Amino acid sequence: MIFRLRTSKETMKIFDTIRVSQGLQPFSLSKIAIALSIRTGGLTDEDFRTDTEGLELNRQTIFGEYETLFKALLTMEKGTTLSNEEFFPALVKAHLDRGAKLLQNECRYGMRFYSNLLSLDKNL
């Protein structure tokens, strides 16, 4: 079983920028990024074609006590049962890298970053 993944270089830069401006660490940012990506819907082939030159994240750092919840959400999104090998690292990395870009947009274009994150579903 694999316990680590490496984000893309772009994700590392996004996380670093948000860490400096908002004070959020990778363990928080990774959960938010994955959730934003799941909310957006299915992945494309392009989402899986990213580099591995960014942050090295431990599975525990990414999910903490919520791994089962995220696996259930990804299972629902895919519409099929996921093995551990299908779930981590490839699927998680694809959602993490795509979600980081979505998170960057929320940070860049939202004057009130935290309140915008909390009310995303209300604005649909």
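This structure is a prediction, so every number in the text was calculated from the model and none was measured.
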Within a reach of under 6.0 Å around NZ of Lys71, are more than 12 heavy atoms found that belong to other residues, nucleotides or ligands? yes
Checking the side chain of [X] only, and the main-chain atoms of [Y] only, is there a donor and an acceptor separated by less than 3.5 Å?
X: Asp97; Y: Ala94; value: no
X: Glu56; Y: Leu5; value: no
X: Ser28; Y: Leu24; value: no

Can you tell me how far the [atom1] atom of [X] sits from the [atom2] atom of [Y], to the nearest 0.5 Å?
X: Glu65; Y: Thr68; atom1: CD; atom2: OG1; result: 10.0 Å
X: Gln104; Y: Leu36; atom1: CD; atom2: CG; result: 12.5 Å
X: Thr40; Y: Glu77; atom1: OG1; atom2: CD; result: 9.5 Å
X: Ser37; Y: Leu43; atom1: OG; atom2: CG; result: 5.0 Å
X: Lys101; Y: Glu106; atom1: NZ; atom2: CD; result: 15.5 Å

May I ask you to say whether [X] pairs ionically with [Y], meaning some side-chain N is under 4.0 Å from a carboxylate O?
X: Arg49; Y: Glu46; result: yes
X: Arg19; Y: Asp16; result: yes
X: Arg6; Y: Glu53; result: no

Please name the pair of heavy atoms, one in [X] and one in [Y], separated by the smallest distance, quoted to 0.1 Å.
X: Ala100; Y: Ala33; result: N-CB, 3.6 Å
X: Thr61; Y: Phe27; result: O-CB, 3.4 Å
X: Val92; Y: Leu74; result: CG2-CD1, 4.3 Å
X: Ser21; Y: Cys107; result: OG-SG, 4.0 Å
X: Arg98; Y: Gly42; result: NH1-O, 3.1 Å
X: Leu57; Y: Thr7; result: CD1-CG2, 3.8 Å

Verify the distance criterion only: is there a donor paired with an acceptor across the side chains of Ser8 and Asp51 at less than 3.5 Å? no
Can Thr50 and Lys93 be counted as having a side-chain donor-acceptor contact under 3.5 angstrom? yes
Are side-chain heavy atoms of [X] and [Y] found at a separation under 4.5 Å?
X: Leu91; Y: Phe48; value: yes
X: Leu96; Y: Phe15; value: yes
X: Lys78; Y: Leu82; value: yes
X: Arg4; Y: Arg59; value: no

Can you say whether the rings of Phe70 and Phe63 are parallel (under 30°), tilted (30 to 60°) or perpendicular (over 60°)? tilted
Do the side chains of Ile2 and Ile62 join up, straight or via other hydrophobic residues, at under 4.5 Å, putting them in one cluster? yes
Honestly curious: do Phe88 and Met76 fall in one hydrophobic cluster under the side-chain, below-4.5 Å linking rule? no
